[in-house]
Student: 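One structure, as structure tokens, below. Some questions next.
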Amino acid sequence: MNYWLFKSEPDEYSLDDLANEKQGFGVWDGIRNYQARNILRDQVSVNDKVLFYYSSCKIPGVAGIAQVVKSAYPDPAQFDPSSKYYDSKATPEKPRWFCVDVKFVKKFDQVVTLKSLKMQQPLSEMTLLKQGRLSVQPVTESEWHYIVTLAKAQ
DNA sequence: GCCAACGTTGGC
DNA sequence: GCCAACGTTGGC
């Protein structure tokens, strides 16, 4: 069982959107960065837990928890010319991009803000704080528990 | 294979 | 809207 942090712009796709999926899960598609793609394809597995992070918004931070229900498969959007995630160099025989399915688990009472994460010494080595611009990233078990505890305390 | 130019992410 | 960090593209 692994822990991850997935970033999403809440205006594009929020934790509420995931919670309201009629089919009971959401497709985590549109990943177009090789480093994130490799993690998604090679390491993310069913039942792994995910911190749902809001980026590029008024209050960036962790909104809650999701869980992986299906491991990587070719992202259908790369084959769809009408999608903004279309990639003309990708074919079904040679897919370039992958997605996973996730389900809603829990929404924190309040977003655990990036600002508050930065103030926590035990989180100072978090990938989130050391490397920007990575939309799928690992979280250690201790970081996971620390953040969940923070969420409960506020 | 190098590297300059350019594009994107994402916090502020 | 700005800009730092970093990824990608493309000429050579």
Side-chain angles (χ1 to χ4, degrees), chain A residues 2-21 26-44 48-68 71-102 104-140 142-144 146-151 153-154:
Chain A
N2 298 306
Y3 300 99
W4 309 102
L5 181 145
F6 288 5
K7 292 183 184 174
S8 182
E9 298 184 21
D11 293 342
E12 291 283 323
Y13 191 78
S14 72
L15 189 53
D16 295 317
D17 292 330
L18 177 59
N20 291 328
E21 291 278 7
V27 180
W28 204 270
D29 61 2
I31 301 297
R32 294 293 180 270
N33 166 286
Y34 287 105
Q35 197 180 349
R37 190 275 315 263
N38 291 346
I39 294 170
L40 206 60
R41 184 190 60 191
D42 303 335
Q43 297 184 48
V44 176
D48 283 357
K49 291 184 170 181
V50 175
L51 293 174
F52 199 116
Y53 180 87
Y54 285 174
S55 66
S56 296
C57 59
K58 201 162 180 187
I59 305 176
V62 180
I65 297 171
Q67 189 163 28
V68 178
S71 59
Y73 60 98
D75 180 348
Q78 69 193 307
F79 311 126
D80 176 4
S82 68
S83 168
K84 67 172 173 175
Y85 296 122
Y86 177 64
D87 185 338
S88 62
K89 291 179 183 153
T91 64
E93 292 73 33
K94 275 200 161 182
R96 181 181 283 192
W97 306 110
F98 292 81
C99 58
V100 298
D101 292 346
V102 297
F104 173 82
V105 173
K106 150 182 219 176
K107 185 177 177 180
F108 296 152
D109 294 336
Q110 292 178 55
V111 170
V112 179
T113 64
L114 176 62
K115 194 177 166 190
S116 66
L117 296 177
K118 282 181 173 170
M119 286 166 27
Q120 311 301 324
Q121 206 282 327
L123 300 179
S124 59
E125 295 300 310
M126 254 191 104
T127 305
L128 180 72
L129 305 181
K130 304 216 100 178
Q131 180 181 355
R133 306 174 21 99
L134 182 60
S135 55
V136 172
Q137 55 178 258
V139 173
T140 67
S142 63
E143 287 163 354
W144 174 276
Y146 196 90
I147 290 169
V148 170
T149 304
L150 273 185
Q154 63 183 8

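Residue numbering restarts at 1 for every chain, and letters A, B, ... go by the order of the sequence lines. Below, all heavy atoms of this structure are taken into account, side chains as well, without hydrogens, waters or symmetry copies.
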Student: Earliest and latest nucleotide of DNA chain B, 5' to 3', sitting under 4.0 Å from a non-hydrogen atom of chain A?
Tutor: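 Using the under 4.0 Å cut-off, the span is dG7(B) to dC12(B).
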Student: Reckon Lys58(A) touches a base, only the sugar-phosphate, or nothing at all at heavy-atom distances under 4.0 Å?
Tutor: nothing
Student: Classify the ring geometry between Phe6(A) and Trp28(A) as parallel (under 30°), tilted (30 to 60°) or perpendicular (over 60°).
Tutor: tilted
Student: If only atom types and distance count, is the side chain of Asp80(A) paired as donor or acceptor with the main-chain N or O of Ala77(A) below 3.5 Å?
Tutor: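 No: the side chain of Asp80(A) does not pair with the backbone of Ala77(A).
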Student: So Trp97(A) and Tyr34(A), would you call those rings parallel, tilted or perpendicular, with 30° and 60° as cut-offs?
Tutor: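 Geometry flag for Tyr34(A) against Trp97(A): tilted rings.
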Student: Describe the nucleic acid contact of Tyr54(A) in one word from base, sugar-phosphate, nothing, applying a heavy-atom distance below 4.0 Å.
Tutor: nothing
Student: If you look at every strand shown and take non-hydrogen atoms under 4.0 Å, does Ser55(A) touch a base, only sugar-phosphate, or nothing?
Tutor: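 Sugar-phosphate, no base atom in range.
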Student: Is there a donor-acceptor contact under 3.5 Å linking the side chains of Glu143(A) and Tyr3(A)?
Tutor: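 No donor-acceptor contact under 3.5 Å links the two side chains.
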Student: So, does Tyr54(A) use its side chain to make a donor-acceptor pair with the main chain of Leu15(A) at under 3.5 Å?
Tutor: yes
